[in-house]
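As the structure lists them, so they are numbered: ligands from 1, and atoms in each ligand from 1.
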Amino acid sequence: MPMIPIIDLKAQYESIKKEIDEAIQGVVSSGGFILGKEVEMLESEIAAYTGARFAVGVNSGTDALLLALKACGIGPGDEVITTAFSFFATAEVIALLGAKPVFIDIDPEDFNIDVRQIEAGITAQSKAIIPVHLYGQPAEMDRIMAIAAKHKLKVIEDCAQALGAEYHGKRVGSIGDIGCISFFPTKNLGAYGDGGMIVTRDEQTYQLINKLHLHGEKEKYRHELVGYNSRLDTIQAAIVRAKLKYLDRWNARRREIAEIYSARLTGVIIPAVKDNCRPVFNQYTIRTEKRDDLQKYLKANLVGSAVHYPIPMHLQEAFSGLSYKSGDFPVAEKISTQVLSLPVYPELSSAQIECVVAAVNKFNGE
Ligand SMILES: *Cc1c(COP(=O)(O)O)cnc(C)c1O
């Protein structure tokens, strides 16, 4: 069997080629490349999908987080609490606005922010919490919302890996004050380039973000605020709209594949699913002490895998100015040496799934 890649965007394209080609062609032949109907329709469809009332398309998931923080008034002197274990962008945007990221260690069970430790990180400067639904597994939002209410903090959900995931029956993005979505090509609802979206229940927040992402413009050439150029590209919006119809089916297939892996893999720690959580498995991530050897073995046996992420936030060189040190977040540090993500996209065939299982189990001597 040929190499099983960690993600196969070509296979997905082949499965819906006609609709994608028509979507792209529709925009190109309309001549309208900036904003317009496709962006507006996707905004209302994603607002409805998540259960938040409003949505604003932006240039990327990173910009979604940046504009969300900006809309919460975050700036120099403020502190924002987030997880020590995520993609860099989650904390990068905090620093970019001149605020201080305050990291919290993770729960080894679901790799998400450890809610039992959040309050220890809260100070008089704290303004917001950014929980990340890592790998598509919802963070413990009830506890996070209760802590935020008690300390008057905003909650910005990083849903970049979790569109469609449910926590106690609610879709992520609709639980906190603001939800941030990424359409980066490898996410479970990926565009063919960069793209992102912000969702919120609050009309004022929506109005503010809507201005911020278009140069702070109130009417054409009248700028009320200093903002950003962060629009969702119209071709990307059309592509994402064509794919959105399949998202629930694809997420269900991801869960099915995850169930097969979890039932069959031996010698590794499989991802736990917490009560009342319905993950979307943007990644299926196992843990093993022999991570690097297993990854080499899988590669030699033509099975792709990836490490999300090898370095926790507080040990990133870019954050050396924050004076964190090795040992500060033992769980995130240990887990960063153990995690390995396996192929989990909906287009995987049964034969490919068998191959992945067989390769992992053979490495473990089964
Ligand atoms: C992908 C990702 C982002 C950033 O999204 P982009 O669209 O790539 O800018 C932020 N947070 C997490 C957890 C991500 O996985």
*Asks:* Can you confirm whether or not the ring centre of F88 sits under 6.0 Å from the ring centre of Y309?
*Replies:*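 For F88 and Y309, the ring centres are not under 6.0 Å apart.
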*Asks:* Is there a side chain to side chain contact (heavy atoms under 4.5 Å, CB included) between N276 and Y167? Walk through the geometry before answering.
*Replies:* CA-CA 6 Å; N276 298 310; Y167 176 83; over 6 Å; no
*Asks:* Identify, for atom 11 (N) of ligand 1, the protein heavy atom at the shortest distance, and state residue, atom and that distance.
*Replies:*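 The closest heavy atom on the protein side is D158 OD2, 2.8 Å.
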*Asks:* What atoms of ligand 1 come closer than 4.0 angstrom to any heavy atom of V132?
*Replies:*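 Every atom of ligand 1 under 4.0 Å from some heavy atom of V132: 13 (C).
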*Asks:* Any non-hydrogen atom of G196 lying under 4.0 Å from ligand 1?
*Replies:*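 Checking ligand 1 against G196, which is what was asked, there is no heavy-atom contact under 4.0 Å.
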*Asks:* Check ligand 1 against F87 and write out every atom of the ligand that is under 4.0 Å from a heavy-atom position of the residue.
*Replies:*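 Answer, ordered by atom number: 2 (C), 3 (C), 12 (C), 14 (C).
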*Asks:* To which of K187, Q283, H133 does the heavy atom nearest atom 14 (C) of ligand 1 belong?
*Replies:*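 It is K187 whose heavy atom sits nearest to atom 14 (C) of ligand 1.
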*Asks:* What is the closest protein heavy atom to atom 8 (O) of ligand 1, and at what distance does it sit?
*Replies:*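 Among all protein heavy atoms, the one nearest atom 8 (O) of ligand 1 is F184 CD1, 3.7 Å.
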*Asks:* Quick one: which ligand 1 atoms are inside 4.0 Å of a heavy atom on G61?
*Replies:*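 Atoms satisfying the 4.0 Å criterion: 5 (O), 6 (P), 7 (O), 9 (O).
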*Asks:* Side chain to side chain contact (heavy atoms under 4.5 Å, CB included), that's the test. Do E119 and K150 meet it? Break it down for me.
*Replies:* CA-CA 10 Å; E119 283 194 292; K150 182 171 157 201; 2.9 Å; yes
*Asks:* Roughly how far apart are T123 OG1 and H151 NE2, rounded to 0.5 Å?
*Replies:*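 With rounding to 0.5 Å, OG1 (T123) is 11.0 Å from NE2 (H151).
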*Asks:* Is T234 reaching over with its side chain to a backbone N or O of F33, donor-acceptor style, under 3.5 angstrom?
*Replies:*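 Side chain of T234 to backbone of F33, a donor-acceptor pair under 3.5 Å: yes, one is there.
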*Asks:* Answer with yes or no whether T90 contacts ligand 1, where contact means a heavy atom under 4.0 Å from a ligand atom.
*Replies:*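 Yes.
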*Asks:* Please tell me whether V172 and F54 are part of a single hydrophobic cluster in this structure, the criterion being side-chain heavy atoms less than 4.5 Å apart.
*Replies:*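 No, it is not one cluster - the side chains of V172 and F54 are not joined through contacts under 4.5 Å.
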*Asks:* Donor-acceptor check, side chain of D233 to backbone of I235, threshold 3.5 angstrom: yes or no?
*Replies:*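 Pair found, side chain donor or acceptor close to backbone of I235.
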*Asks:* Please could you name the atoms of ligand 1 that A160 approaches to less than 4.0 Å, counting only its heavy atoms?
*Replies:*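 Selected atoms, number and element: 2 (C), 3 (C), 10 (C), 11 (N), 12 (C), 14 (C), 15 (O).
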*Asks:* Heavy atom under 4.0 Å from ligand 1: found in T62's side chain, backbone, both, or neither?
*Replies:*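 It is both parts that get close, each with some atom under 4.0 Å.
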*Asks:* As an exercise, identify every atom of ligand 1 less than 4.0 angstrom from a heavy atom of Q161.
*Replies:*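 In order of number, 13 (C), 14 (C), 15 (O).
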*Asks:* Nearest heavy-atom pair of P131 and M141: which atoms, and what distance?
*Replies:*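 Answer, listing the atom of P131 first, then M141: CG-SD, 3.9 Å.
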*Asks:* Is the closest N or O pair between S182 and ligand 1 shorter than 3.5 Å?
*Replies:*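 Between S182 and ligand 1, an N or O pair is found under 3.5 Å apart.
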*Asks:* Does any N or O in the side chain of E157 come within less than 3.5 Å of the main-chain N or O of G173, such that one atom is a donor and the other an acceptor?
*Replies:*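 Between the backbone of G173 and the side chain of E157 there is a qualifying donor-acceptor contact (under 3.5 Å).
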*Asks:* With heavy-atom distances below 4.0 Å as the criterion, list the atoms of ligand 1 near S86.
*Replies:*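 Those qualifying, in numeric order: 13 (C).
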